[in-house]
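Below you'll find the structure, written out as structure tokens, and then a few comments.
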Amino acid sequence: MIDLDRALDLDDPEADDFLAAIQGNIVKGHGRDFTAHVLLRMGDDVPAVRRWIAGLAAERVTTALVARRATLAWRGTGGPGEPFAMVLLSASGYRHLGFPDEQLPVPSGRFVGPRDREYFEFGMKEQAGRPRSFNDPPASEWEEPYRQRIDAMVLLADDDEQRLSDTVDAVVASTAGVADVLTTERGRVLRRTFPRGTLVIEHFGFQDGVSQPIMVQQDADREIKARGNVHWDPTAPLSLALVPEPGGGFGSFMVFRKLEQDVAALHRALRDLSVRAGLPVAEVGAMAVGRFEDGAPAVPTGTVDPDADPNDFHYDQDPAGTRSPFHSHVRKTNPRGDVPRVIGAPAEFERARRIVRRGITYGERPDLADGGGTEAPATGVGLLFMCFQGNLDQFAIQQEGSDSNDFVRAGVGVDAVIGQNAQPAAQTWPSDGTVTFTMANFVKLLGGEYFFAPSMAFLRGL
Ligand code: HEM
């Protein structure tokens, strides 16, 4: 029996069967450059909906085992690789398919609180106004498709954009008489060339997708060899993202948020701050994110390989927030030792709150094309944020960390990159310094939902 409290050992004789029984993109990202997120409301013919999902599982959905083999083959040959697909259901989707609330997936693990199942059961729209709600705009202000009941997401991904469009057309056509397509979001990876190489970035211009919990022991060993682990161990148990399903398989909770980025405003704030602080824009950018644009952490890293993404650092190296202030995005969202040091919680509690990010950028950037010429956008671009976790309360880092003025230390202000707060406290640059400024509300939620990625057996058996 695979032990969820450890990283997966691929040499375990049961590893292949375990990976064949779960969907891809949870234990390891699908890694494709283009995505389509088809959001659906199921129709009244429930047996037909069930047959349709079972058919998708049989014909298109990529198991974690197939995804892993495809990645290995792709590394050998390059090229467009294989298409990827997964199916995710919201609580309303389960209910519509006939599952009573007692059979909805529930979080599990050592640190699960009595109300943690509420996130999934209420759904993201219903959370607004409840005691555990985020500082999100109310659902009435979200984009129109997200105000509807969202029952499912079919996530399609490919390195060949045309082939992806063909797959989307085929999947959308197959929903006739079964489900309404509320919207299809399209993601595309954004890259930028730095002296260190061409790296995946987000719209503000910083390298993204660097620091991830790694749930396969051999992948973790490889990463530690390249990036080091003097300060930080990226390894994570499978239970960080996977939970037992009521029917006997394993699945994962997923947060989906369409986040619009006001790139013009953030760049303006960094320029203003650079003038006020008498520091280069690159330095103040690193104080907001906790990393420089090329991914180099603001805290010195133990990573020695110049080609590796640097990730070997810990905030015990910077307890006063001199290098990476408490409001910096990566410190708010993965406080690497702050919670045990300042609050006294066990280190394992903090590590169990990590999330597995699988988001992708959306929107066009003509201003970044050769010759550019146009202004950085204030709307129309952003992140199709997705993260997997075994307990949706792990995502409380948005509310308790990023949106809060008081995380770890009182009055440090919100996350300078993604913090949403109508009354943001002034941040200090650096945390024990004298330059004060307010950076907040550059990222806006346009809509989203909580989903669960069921096991292959669950999907096939519908
Ligand atoms: C890391 C940008 C939304 C959680 C990062 C990094 C960047 C970034 C540049 C550093 C590179 C890396 O370690 O991968 C953004 C932008 C966002 C966004 C522009 C919105 C448009 C979010 C949200 C969350 C989140 C909503 C969760 C609440 C994290 C985490 C890390 C990270 C956990 C890794 C921290 C670490 O392990 O050191 N993000 N992010 N991000 N972000 Fe975000």
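In what follows, residues are counted from 1 in the order of the sequence shown. In this text the structure is predicted, and so the values were computed from the model without any measurement.
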Steps toward salt bridge (charged side-chain N to carboxylate O under 4.0 Å, His left out) verdict (Glu293, Arg192): CA-CA 10 Å; Glu293 287 185 334; Arg192 184 176 161 193; 2.9 Å; yes
Salt-bridged, [X] to [Y], with N to O below 4.0 Å?
X: Lys28; Y: Asp219; result: yes
X: Arg188; Y: Glu161; result: yes
X: Arg115; Y: Glu118; result: yes
X: Arg331; Y: Asp415; result: no
X: Arg117; Y: Asp393; result: no

Nearest heavy-atom neighbours spanning Pro325 and Thr428: CB-O, 4.3 Å
Residue pair Thr361 / Arg191, side-chain donor-acceptor N/O under 3.5 Å: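 No, no side-chain donor-acceptor pair sits under 3.5 Å.
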Polar contact flag, side-chain donor to acceptor under 3.5 angstrom, Asp309-Gln207: yes
Derivation of the side-chain contact (heavy atoms from CB on, under 4.5 Å) call for Asp159 and Phe84: CA-CA 9 Å; Asp159 279 333; Phe84 172 87; over 6 Å; no
Parallel, tilted or perpendicular: ring planes of Phe250 versus Phe18, cut at 30 and 60 degrees: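 Tilted.
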Step-by-step side-chain hydrogen bond (donor to acceptor under 3.5 Å, both in side chains) determination, Ser404 to Asp406: CA-CA 5 Å; Ser404 164; Asp406 303 312; 4.6 Å; no
side-chain contact (heavy atoms from CB on, under 4.5 Å) assessment of Arg351 paired with Phe349: CA-CA 6 Å; Arg351 286 179 67 80; Phe349 171 79; over 6 Å; no
Between NE2 on residue His37 and CZ on residue Phe256, distance to nearest 0.5 Å: 6.0 Å
Phe120 ring center within less than 6.0 Å of Tyr450 ring center: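 Ring centroids of Tyr450 and Phe120 are no less than 6.0 Å from each other.
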Residues, nucleotides or ligands: over 12 heavy atoms within 6.0 Å of Glu144 CD: yes
Residues forming a side chain to side chain donor-acceptor pair (under 3.5 Å) with Arg32, sequence neighbours excluded: none
Contact check, side chains of Asp316 and His231, non-hydrogen atoms, under 4.5 Å: no
